[in-house]
2 protein chains.
Amino acid sequence: MTAPALARLAALLADDTRAAFCLALLDGRAWTAGELAARAGVAPATATGHLHKLVAAGLLSEQRQGRHRYVRLAGPQVAHLIEDLAAHLPPAPAPARTLRAATASAALARGRTCYDHLAGSLGVAVTDALERTGRLSRDAGFALTPAGVRWLDGLAPVRASRRPLVRSCLDWTERREHLAGAAGASVCAYLIGQGWVARVGTGRAVRVTPAGGPALTELFGTDAAWSA
Amino acid sequence: MTAPALARLAALLADDTRAAFCLALLDGRAWTAGELAARAGVAPATATGHLHKLVAAGLLSEQRQGRHRYVRLAGPQVAHLIEDLAAHLPPAPAPARTLRAATASAALARGRTCYDHLAGSLGVAVTDALERTGRLSRDAGFALTPAGVRWLDGLAPVRASRRPLVRSCLDWTERREHLAGAAGASVCAYLIGQGWVARVGTGRAVRVTPAGGPALTELFGTDAAWSA
DNA sequence: CGCACGATTCGGCGCGTACCGAAGTGTCAC
DNA sequence: GTGACACTTCGGTACGCGCCGAATCGTGCG
């Protein structure tokens, strides 16, 4: 559209602190203003100002509870926008400085949630497995096959909504597309609900549980090394 | 990724002048620095600085010819990034102020190129026609059907590349997805090459030619009002 | 009730950067 | 060669905005 409108939108993410907020919120959960401030390393007063801008612009939705202000991404479109932008970043930067940081980023690369679906090598592996078993095709687009639609219906019915059933999300660690959209969210919720995939610590990272390895092998009819 | 990296990328588009440059360049052609400066309403000196940043960041590629500096988007990914961002803008703003502006924006809404594929209501109409004739499916993703792949091969073979054959692009006038990716570029080039679709003036706007109406009706086996 | 705490508002500081005019460099035309 | 032109570099101005400390408001706990 008009240049100023585009610039205003971009400007929301063009600040280190606001960008840090958005990346933290990519886990799909609600954070308090204070948590975000601490995470980004700024004073609470600074965080307040940023949150006002992000909420006013519609990127974040807020919910007040007592003396806390909870804030989350306004929806999957916003999450998709941010991941999309992140996917266009310079190839493969920033080696980890400390051992702690290295293990944390390795865990993130292995598996994580991207708002409400799986990403990282786990997300890509699930997507690959779906393709190998004929439930997903990426030859001429990115779509579930009829068999894939039936499989998903049996697994965890997706309620109809305006949200696209399937969309691809480009991963910034793997540089490959993986399953997103309502179907991606459904699969992720199912795997976590079954206890086959679990969150690690408090962040976005997830891992395959001991019970999950065999279960995933059976679910996808393939013997990928899920436990990696 | 890291917040500062994301912020740096966003900052490139977070300026009215640079945003205007990028939107102008969305037509996929090469512009001179002077043309862009005039379009954005800034002095040549200002444009030089902005172009340096955009080129250094890899969003634009430059080509020097004599005393001219030609500049274009660095590739389809960049075009996609910008259109993607534009698609997330507030719904439907800015009514046109003048008659001239109104006719220009109406022409853009009717049909335009989005870097290298068709967009606007024409782009959506073509996509709809492909779906109606069983060449494209968006039930469980966004993909060409086998029939669609055969049709495209007969029409204008797409050379293999790392670029995805099919991808969807969300339109900011129509708010609907339309065909993009290598297939979208191929269809657009074919229609323009046949003289069925032609550029209007010097901008991004395109229209269906008189010869194009019947031709499109035959091509898509449907009687949509192509000439609209 | 009174204290602790999260969040907010306000005022002021300082950096980053967008902008331009003027002067300089290279290229093309005559 | 000389002039016109596209673009660039440089210097300087001005404005926006991110940041914080301190004071305030409101809520929850003891």
Side-chain angles (χ1 to χ4, degrees), chain A residues 2-25 29-57 59-74 82 202, chain B residues 2-25 29-57 59-73 202:
Chain A
T2 86
L6 175 59
R8 268 194 305 273
L9 175 61
L12 291 172
L13 299 172
D15 172 79
D16 285 2
T17 302
R18 283 194 298 268
F21 285 5
C22 290
L23 289 178
L25 290 165
R29 292 179 292 191
W31 293 54
T32 67
E35 286 168 341
L36 287 172
R39 165 74 159 251
V42 295
T46 305
T48 294
H50 288 309
L51 291 179
H52 274 160
K53 290 186 186 178
L54 291 169
V55 169
L59 290 188
L60 266 46
S61 66
E62 70 177 21
Q63 184 180 354
R64 310 189 97 107
Q65 247 176 53
R67 54 185 169 186
H68 295 281
R69 176 204 215 177
Y70 286 97
V71 109
R72 57 173 6 128
L73 294 185
I82 296 168
T202 62
Chain B
T2 86
L6 176 59
R8 269 196 305 275
L9 174 61
L12 291 172
L13 298 172
D15 171 81
D16 285 2
T17 302
R18 284 194 297 270
F21 285 5
C22 290
L23 288 178
L25 289 166
R29 292 180 291 191
W31 291 53
T32 66
E35 286 168 341
L36 288 172
R39 165 73 159 250
V42 295
T46 305
T48 293
H50 288 308
L51 291 179
H52 274 159
K53 291 186 186 177
L54 292 169
V55 169
L59 290 189
L60 266 44
S61 66
E62 70 177 23
Q63 186 180 352
R64 311 189 95 107
Q65 248 175 52
R67 54 186 168 182
H68 294 282
R69 176 203 214 177
Y70 286 97
V71 109
R72 59 175 1 129
L73 294 185
T202 61

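Below, read A as the first sequence line, B as the second, and so on, with proteins coming before strands; counting in each chain starts at 1. This is a predicted model, so every value here is computed, not measured.
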Phosphate OP1/OP2 of C/dG16: any B/Arg8 side-chain N/O under 4.0 Å: no
Report yes if the side chains of A/Leu73 and A/Leu60 come closer than 4.5 Å at any heavy-atom pair, otherwise no.
yes
Assign each of A/His68 and A/Gly49 the nucleotide of DNA chain C bearing its closest heavy atom; nearer the 5' end lies the nucleotide of A/His68
Query raised in the report: Is the phosphate of C/dC20, meaning OP1 or OP2, less than 4.0 Å from a side-chain N or O of B/Thr46?
Result: yes
Within the 4.0 Å heavy-atom criterion, would you say B/Ala45 contacts the bases, only the backbone, or no part of the nucleic acid?
base
Taken to the nearest whole Å, OH/A/Tyr70 to P/C/dT8 is 13 Å
A/Trp31 atom CH2 is separated from C/dA7 atom C1', nearest whole Å, by 18 Å
Whole-Å distance, B/Leu54 CG to C/dA18 P, equals 10 Å
Rounded to whole Å, the CZ-C1' distance (B/Phe21 to D/dC7) equals 13 Å
Atom CD of B/Glu35 and atom P of D/dA6 are separated, to the nearest Å, by 10 Å
Note to self: Below the 4.0 Å mark, does D/dC17 have OP1 or OP2 next to a side-chain nitrogen or oxygen of A/Lys53?
What the structure shows: no
Student check: side-chain heavy atoms of A/Leu51 and A/Glu62 closer than 4.5 Å: no
**Prompt:** Is the phosphate of D/dT8, meaning OP1 or OP2, less than 4.0 Å from a side-chain N or O of B/Arg69?
**Reply:** yes
- Query: Does the side chain of B/Arg8 reach to within under 4.5 Å of the side chain of B/Leu12, using non-hydrogen atoms?
  - Reply: no
key: Close side-chain approach of A/Val71 and A/Thr32, heavy atoms under 4.5 Å   = no
When rounded to whole Å, the CG to C1' distance for the pair B/Leu36 and D/dT8 reads 16 Å
Between NE2 of A/His50 and P of C/dT9 the distance, given in whole Å, is 15 Å
_D/dC5 base / B/Arg67 side chain donor-acceptor hit below 3.5 Å_ = yes
### Phosphate OP1/OP2 of D/dG18 contacted by A/Arg18 side-chain N/O (<4.0 Å)
yes
Taken to the nearest whole Å, CG/A/Asp16 to P/C/dC15 is 17 Å
The nucleotide from D/dC19, C/dC19, C/dA7 with an atom nearest the side chain of B/Thr17 is C/dC19
Using a 4.0 Å heavy-atom cut-off, does A/Asp15 contact any base of the nucleic acid, only the sugar-phosphate backbone, or nothing at all? sugar-phosphate
